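See structure below.
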Amino acid sequence: MLSFLSINNYALIDSMEISFENGFSVITGETGAGKSIILGALMQILGERSDSRSVRDVSRKSVVEAHFSIADYDLKRVFDENDLEYDPQLCILRREILPNGRSRAFVNDSPVSLAQLRALAIHLVDIHSQHNNLLLADDGYQLQIIDNFAANTSLLDAYTSAYRDYVAARRDFEATEKRLAANRADEDYIRFQLEQLDRLNLKIGEEQELDEAQVRLSNVNEIKTGIAEACFMLENDEQLALLQQLKQLVKQLTSMSHLVSDTAALSQRAESAYLEMKDIYDTLSEINDSVNDNPEELERVNERLNTIFTLKQKHNVDSGDALVAIRERFAAMIAEVDNSDAELEEKRKQLDLSLAALRVAAQKLTKSRRDASVKFRDMVLELAKPLGMENIRCEVEFKDCDFTSSGADHVCFLFSFNKNQQLLPLGKTASGGEISRIMLCVKTLIARSMQMPTIIFDEIDTGVSGNIANRMGEMMCDISGKMQVMAITHLPQVAALGAHHYKVFKSDTPDTTVTSIKQLSTDERVLEIAGMLGTGNNNSAAIENAKSLLKIK
């Protein structure tokens, strides 16, 4: 239940804190006192879009905070599904609106996204406004009503899962079909390109090897001359002869090692240098032996590089390795074409299986909806007739439709409110007052099966009076036996039935006008209801009438 509400710097509200009780509470106040402002602030907790115009003082942020006692409701799954911190006793929702219109949301003091806030809030409070009355004529909303009444959560989950699988399988089949069709259309072109690349038979890294071979074969004389000079410097140069000098250095240092201990280490280092130079000399000799003037091989390398260059330009790539990748892709495409019938048949089987599973899930959901709709119709009629609709008739019309995310059913509520009147969709036959009364009947039925801490009715009794208003109040009292109910009302009959009474009022300060709310005592309730009777709260007859409504002697 909503146990506490705090609103700061929001519209006409400077600072407001109010605690609420369980059971049936009524909220009254003059038109324009600010009831809708309080409701609008509460809607921020539900994740409604923020508006900088609602910030009263633009030098500071607007803050709305609501506390919900949830000890009697198992909401851990909801918290876990939305990755929220769970407290089994209390849930605190807070929304901060900055002067620039941006906002932040918090659950139990942890920052959350608006999507997370909405996902949780819909399990904590249901706010019924005049907008919801208009929704009652919407076919999609009517289907939700039947599902809520039938407690179809598990069936809907199963159907939704099957629907997702079917949509994924259908997209996969269509994408595969499109891809294979494109491949078949380009088959001759792809085969021609693949044959060219197959003839080339290029290997990964081969282009770099060919580039190196081309350089080596094109510069044989220069390479041999350079190697010969290096070898001469290492072995034969009478003045330089590095190997001979290093060998002599090793011999000299070794002869001194018994005289100076440090020369032993130096001798080892000099020997290492000698061995390294000797290895360089041997390697240069091997390279010299391997480098030969070979015009035929150079011509072959140049031709192959020219072919690679031509194909690189043709396929708009910058390396031979990229050509190898293209060749592999073309080969895969041709393999797909060659195996397209088998691949497409496998995708079709998967699609057929997912469609079969979807049909089964849809059939179960449809059966539950049709079975529930009969009970729903009978119970709506039972509740509606005492509300001044003695001649009401109702049917829930089902039509099959294509699979959608909500099932394969199209639902339409058909009503007639007068004798010999044709059954018509609700939006074409009902007045505003009739829709309000039907909606109250619907909410009463849903409340008997749903697990919802709080429901708020915003002037659902508009357009009714007398005994009908009294009956609507009694229905809200009935709902309050299962959940916390709040009703914003202008009717004294409804206000008198509340276990708790709150009044919204405006007051003027030297600088501005502010909206406030307070819980009324018994005496204050008498005066408030007397005023609602339209004869002024100082009228003795109105006061006695108010006491009578409140059952005060």
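For clarity, every value in this text was computed on a predicted model and none was experimentally measured.
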Keeping the roles fixed (side chain from R525, backbone from A495), state whether a donor-acceptor pair exists under 3.5 Å.
yes
Look only at the side chain of S161 and the backbone of D157, and say whether a donor-acceptor pair between them is shorter than 3.5 Å.
no
Heavy-atom pair of closest approach, residues Y141 and M439
CE2-CE, 3.7 Å
Does N108 use its side chain to pair, donor to acceptor, with the backbone of I92 at less than 3.5 Å?
yes
Test item: T509 side-chain N/O and T512 main-chain N/O as donor-acceptor pair under 3.5 Å
yes
Is a side-chain donor-acceptor pair under 3.5 Å present for R102 with S50?
no
Candidate pair E528 and V526, rule side chain to side chain contact (heavy atoms under 4.5 Å, CB included), full reasoning:
CA-CA 6 Å; E528 175 68 7; V526 171; over 6 Å; no
Nearest non-hydrogen partners of A372 and F149, listed with the distance:
O-CE2, 3.4 Å
Please report the C-alpha distance between I127 and M43 in whole Å, then the side-chain angles of each, then the deciding distance to 0.1 Å, and finally whether the side chain to side chain contact (heavy atoms under 4.5 Å, CB included) criterion is met.
CA-CA 8 Å; I127 297 180; M43 292 294 285; 3.4 Å; yes
Kindly indicate, with the supporting measurements, whether the criterion side chain to side chain donor-acceptor pair (under 3.5 Å) is fulfilled by R95 and S103.
CA-CA 7 Å; R95 186 82 177 274; S103 70; 3.1 Å; yes
Within 6.0 angstrom of N467 CG, more than 12 heavy atoms from elsewhere:
no
Looking at E474, I want to see if its CD is surrounded by more than 12 non-hydrogen atoms of other residues, nucleotides or ligands under 6.0 Å.
yes
Distance, nearest 0.5 Å, that separates CD1 of I543 from OG of S548
13.5 Å
Ignoring hydrogens and angles, state whether a donor on the side chain of D409 or T366 is under 3.5 Å from an acceptor on the partner side chain.
yes
Any heavy-atom pair between the side chains of L2 and V125 that's under 4.5 Å?
no
Distance-only check: which donor-acceptor pairs under 3.5 Å involve side-chain atoms of residues 383-397, not counting sequence neighbours?
{"unit_1": "R393", "atom_1": "NH2", "unit_2": "Q421", "atom_2": "O", "d": "2.4"}
{"unit_1": "E395", "atom_1": "OE1", "unit_2": "R377", "atom_2": "NH1", "d": "3.3"}

Before accepting this row, confirm whether a basic side-chain N of the pair R77/E81 lies closer than 4.0 Å to the acidic partner's carboxylate O.
yes
Distance-only, no hydrogens or angles: does the D51 side chain make a donor-acceptor pair with backbone N or O of R53 under 3.5 Å?
yes
Is a donor from one side chain sitting under 3.5 angstrom from an acceptor on the other, for S25 and Q484?
no
Whether D371 and K367 form a salt bridge (side-chain N of Lys/Arg under 4.0 Å from carboxylate O of Asp/Glu) is what I want to check.
yes
On a heavy-atom basis, the closest approach of R60 and N9 is O-ND2, 3.1 Å
Is D80 salt-bridged to K76, going by a charged N under 4.0 Å from an acidic O?
yes
Check whether any side-chain N or O of S368 sits under 3.5 Å from a backbone N or O of L365 as a donor-acceptor pair, and report yes or no.
no
Decide yes or no for V107 and Q116: does some side-chain heavy atom of the first lie under 4.5 Å from some side-chain heavy atom of the second?
no
Nearest heavy-atom contact between I70 and L90 is CG1-N, 4.1 Å
Between R437 and D461, does the salt bridge (charged side-chain N to carboxylate O under 4.0 Å, His left out) criterion hold? Intermediate values first, please.
CA-CA 7 Å; R437 282 175 277 174; D461 48 21; over 6 Å; no
Minimum heavy-atom separation for M1 and E21, please, with both atom names.
CE-C, 3.7 Å
Nearest heavy-atom contact between T160 and S405 is OG1-O, 4.2 Å
State the CE-CD1 distance between M486 and I488, to the nearest 0.5 angstrom.
9.5 Å
Compare all side-chain heavy atoms of T515 with those of V504 and state whether any distance is below 4.5 angstrom.
yes
Supply the atom-to-atom distance K443 NZ to I460 CD1, rounded to the nearest 0.5 angstrom.
8.0 Å
Is the shortest heavy-atom distance from the side chain of L46 to the side chain of L124 under 4.5 Å?
no
According to the ring-ring contact (aromatic ring centres under 6.0 Å, His included) rule, which pairs have a member within residues 402-434, sequence neighbours left out?
F376-F413, F415-F417
For the residue pair N8 and S62, establish whether any side-chain heavy-atom pair is separated by less than 4.5 Å.
no
Start with the C-alpha gap between Q519 and H501, add the side-chain angles, then the distance that decides, and say whether side chain to side chain donor-acceptor pair (under 3.5 Å) holds.
CA-CA 6 Å; Q519 185 171 2; H501 193 149; over 6 Å; no
Under 4.0 Å between a side-chain nitrogen and a carboxylate oxygen: does that hold for K506 and D14?
no
Would you mind reporting whether I27 and T489 have side-chain heavy atoms less than 4.5 Å apart?
no
Under a plain distance cut-off of 3.5 Å, with no hydrogens placed, do D57 and S59 share a side-chain donor-acceptor pair?
yes
Show, in sequence, the C-alpha distance, side-chain angles and deciding distance for D508 and T513, and conclude whether the side chain to side chain donor-acceptor pair (under 3.5 Å) test is met.
CA-CA 4 Å; D508 293 329; T513 299; 2.7 Å; yes
Is there side-chain contact between S6 and M16, with heavy atoms separated by less than 4.5 Å?
no
D458 with K35: basic N within carboxylate O range, under 4.0 Å
no
Nearest 0.5 Å, what's the CE-CZ distance between M475 and F457?
8.5 Å
Is K518 salt-bridged to E524, going by a charged N under 4.0 Å from an acidic O?
yes
Quick one: are M532 and L491 in side-chain contact, heavy atoms under 4.5 Å?
no
To the nearest 0.5 Å, atom OG1 of T176 lies from atom CZ of R179 at 5.0 Å
Measure centre to centre between the rings of F68 and F4, then say whether the value is under 6.0 Å.
no
Going by an N to O cut-off under 4.0 Å, is there a salt bridge joining E96 and R94?
yes
